[in-house]
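Below is one structure; the comments refer to it alone.
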Amino acid sequence: MKSAVAFTLLFFNSGFACRAETGQEAWLRYRHLPVNLPTVVVKLGAEAELDSAAQELSRALQAFTNKTVRVTSAPENESVVLGTVEQLKRVLPDLSLPATLQTDGYCLKTTKLKGPRLFIIASASSRGMLYGAFAWLRHLAAGDKLDSLNESSNPAAPVRWVNQWDNLDGTMERGYGGRSIFFENNNVLPDLTRASEYARLLASVGINGCTVNNVNANPRALSSEFLPQIARIAQVFRPWGVRLSLSVDFASPKTIGGLDTFDPLDPRVIAWWQSKADEIYRLIPDFAGFVLKADSEGRVGPSTYGRTHAQAANLLANAVKPHGGIVVYRGFVYDHHADWRNLKNDRARAAYDNFAPLNGQFAENAFVQVKHGPIDFQAREPVSPLIGALTQTKQTLELQITQEYTGQQRHLCYLAPMWKQVLDFDLRVAGAHTPVKKIVSGFVGVANVGRDANWLGADLAMANLYAFARLAWNPDLSAEEISQEWTRQTFGNNQRVVSAISSLQMDSWRVYEGYTGPLGLGTLTDILRGHYGPGIESAERNGWGQWIRADHDGIGMDRTVATGTGFIGQYPPDVARMYESLKECPDALLLFMHHLPYTYVLHSGKTIIQHVYDSHYAAAAEAQRFPVRWQALHGLIDDDRYAAVLNKLTYQAGHAIVWRDAICNWFLRESGIPDAQGRAGHFPGRIEAEAMQLDGYAIKDVTPWEDASGGKAISCDPPRRACSASFTFNQAPGKYDIVIQYFDLNPADTEFRVSLDHQLLASWKSTSPSPWRTLNGDSSTRHTIPHIDLRPGQLITIEGLAIDYIELHAAVTLR
Ligand code: GCV
């Protein structure tokens, strides 16, 4: 993809500044290309997917060439020719094509066959034609030369799905890009344009299935009155080769079926599911199948009747089998009321304990869907040992595109580097080389796009959707080449843009992990509320089982076989040996596997506690550079997306400091061991709001304490309409950046104002897209007023709903 980019530099360098862009086109952003391209598209069949492929080529070529493009049924002049291998053989008998194309696979070839150039897109199936057409366009958009193109590509796995966690009322579980594109008010939306656009996006990267409703399923999804509405979604998916699937509630035979049981072995229940499947296939002949979350987080399941997960999965699998459907049964099963006092209890064990004994008992069209880590999409986890145990059972690997625990799309966190570590991890099943990517038969990404124009609520977050799909097609691609490929299509081929965005993406997961949970402890976010800001002890002393087992002397879960929960013993012996041994266990997962004193010395030579301080200060400092790095792109990309991304990166830089301080302060208090570099607990230039002269504000304890400086904030509570906090500047005269750490609680009516000697310096409104409700690390936000001349004796006053502190720095911030 790197060759011949020069011709596109010209174009992609120009014209951006005046063009309004919303991000809606995502990576399918076709713009004029100054090269010779065909203006005839030949389609050799009449299937719906083939029509879509031809239309897409025509739409793109029209945009690339600024010329009218014709779609015909026989090759003429220079043209793009689309067909299955069989169709092509009939029309171009001299053309040699690979005999090894699998379903969904494609071949791209440029040939002259003694006449004008023909750009051949061949596939084994009509769906493969779509993937071939989009791959060809990908080459074009990336500036590749097509003259010698000759490539064949087959997908790594047959199941390449996204799960959407959309609720029928239009809300989304863990969605950060607006309301559902499918549902509102317990009905399917009347206008499904957006759903159709989504299917096109998915098809463009080889995704062939989409589960449209939350795995915490509303039984109405299967009701006879609702299914015809679901069929409308399937209809807009169909031309793009995306098959629809539904999450189901296991109790449906009882809740909506009128039976008095949902026992999977009861003949009436078996008959109910069969007739429900028949009913669905009458409405949706290409229905992909069912997804089931059972016996987990309050969902009912087969345990109600003492039945196994395999029996439950097979019940549904048998119902869809005659129609060619599958069942995806979630392996995310654990007890969320576990006794935290029992040191042998361990949520990480649960998936394996529940499913490994059932290996080989699942129907041929049933897949167990395993989250990549044994807990729940933390910033770092080891690979789930269940993946190595299900040797006789088909599996789909579940990855999370929506950034539930990784900054919720308000933080840049490109997840492909993390996913690559998972995919390439060698589980050493039976002592052989068995990387995860070779074990699984499918890939499912929890996507949660929404109605926001840019789908995920953040332009750069779309690289995660793209990367998931590209890895599902070819897990051997590198995270970096995917990010470059995505950037070229999303922002253009300017080499400065490509390297700047790709390197930001590539740094982002390491940086995010660096200022959140260290050494495999989990993200350390508040797991009882938003899963967003810091909330370290929310993991402890409750049944959810994300324990970190911290006390004054040490921290980490002892998961060893020798003295701990035995989790490590669930891995094949080579891997278990590595994790069990303190010498071999990688630092990055040390506290996931072991409980150790803060003074334990890591492979890096640092103690655990010093590593925590150093990594948090270093990562937060790197995050301060993100907006600066982005600013280097000013004028090279369109103004709208430039500004939107800058806004987000600036916010992230501030929130990284909230994280840094919360984690460092908490570790300092818990361990009692100071930072050898004297940073933790010392904040030069910081003036606590509660120490200012207050008019009208109440001083509040913030929970958890580590989310606010000094554990306290000031809040202007009703009935007061206006409050102010002031202090007299008494440092050396000079230019300062004034940093205000405040709580972004309600965007509708919150204004903040800062004045110097009663002259207004700056005012701004809360910016949170969805208002936070509480004073804590979710809502804690930074605003910087740069380059202000200050002289001793001047009065600085701040007004606004809730404030944590002000910091004054010699003026350098974000400049
Ligand atoms: C859909 C985590 C999330 C839940 C999600 C669940 C799951 O617990 O926080 O929102 O529920 O995983 O994957 O089923």
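First listed ligand is number 1; within each ligand, the first listed atom is number 1. Predicted model, so just to flag it, every value in this text is computed and none were measured. Heads up: numbering here begins at 1 and tracks the sequence.
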Using a 6.0 Å distance limit plus a 45 degree cone around the ring axis, check whether [X] lies over the aromatic ring of [Y].
{"X": "K254", "Y": "F262", "value": "no"}
{"X": "R194", "Y": "W455", "value": "yes"}
{"X": "R380", "Y": "F592", "value": "no"}

Quick check: does any side chain N or O of S779 sit under 3.5 Å from a backbone N or O of T774, one acting as donor and the other as acceptor?
yes
Looking at W544, is its backbone amide N or carbonyl O close enough to the side chain of W340 to form a donor-acceptor pair, meaning the two atoms are under 3.5 Å apart?
no
Starting from [atom], which protein heavy atom do you reach first, and at what distance in Å?
{"atom": "atom 8 (O) of ligand 1", "result": "E297 OE2, 2.7 Å"}
{"atom": "atom 12 (O) of ligand 1", "result": "K371 NZ, 3.0 Å"}
{"atom": "atom 1 (C) of ligand 1", "result": "N216 ND2, 3.3 Å"}

Parallel, tilted or perpendicular: rings of [Y] and [X] (30°, 60°):
{"X": "F468", "Y": "W419", "answer": "perpendicular"}
{"X": "Y515", "Y": "H411", "answer": "tilted"}
{"X": "Y571", "Y": "F567", "answer": "perpendicular"}

Show which atoms of ligand 1 fall inside a sub-4.0 Å distance from at least one heavy-atom site of [X].
{"X": "E173", "answer": "1 (C), 4 (C), 5 (C), 10 (O), 11 (O)"}
{"X": "V215", "answer": "1 (C), 14 (O)"}
{"X": "H531", "answer": "9 (O)"}
{"X": "R330", "answer": "7 (C), 13 (O), 14 (O)"}
{"X": "E404", "answer": "3 (C), 9 (O)"}
{"X": "R174", "answer": "3 (C), 4 (C), 9 (O), 10 (O)"}
{"X": "N214", "answer": "1 (C)"}

Only residue of D353, D335, D376, D339 satisfying salt bridge (charged side-chain N to carboxylate O under 4.0 Å, His left out) with R347 is D376
Would you say [X] has any N or O atom under 3.5 Å from an N or O of ligand 1, going by distance alone?
{"X": "Y405", "value": "no"}
{"X": "W165", "value": "no"}
{"X": "D376", "value": "yes"}
{"X": "E398", "value": "no"}

Can you tell me which portion of V446 lies within the under-4.0 Å heavy-atom range of ligand 1? Options are side chain, backbone, both, or neither.
neither
Part of F332 within contact of ligand 1 (heavy atoms, under 4.0 Å)
side chain
Is it true that atom NZ of K321 has more than 12 heavy atoms of other residues, nucleotides or ligands lying nearer than 6.0 Å?
no
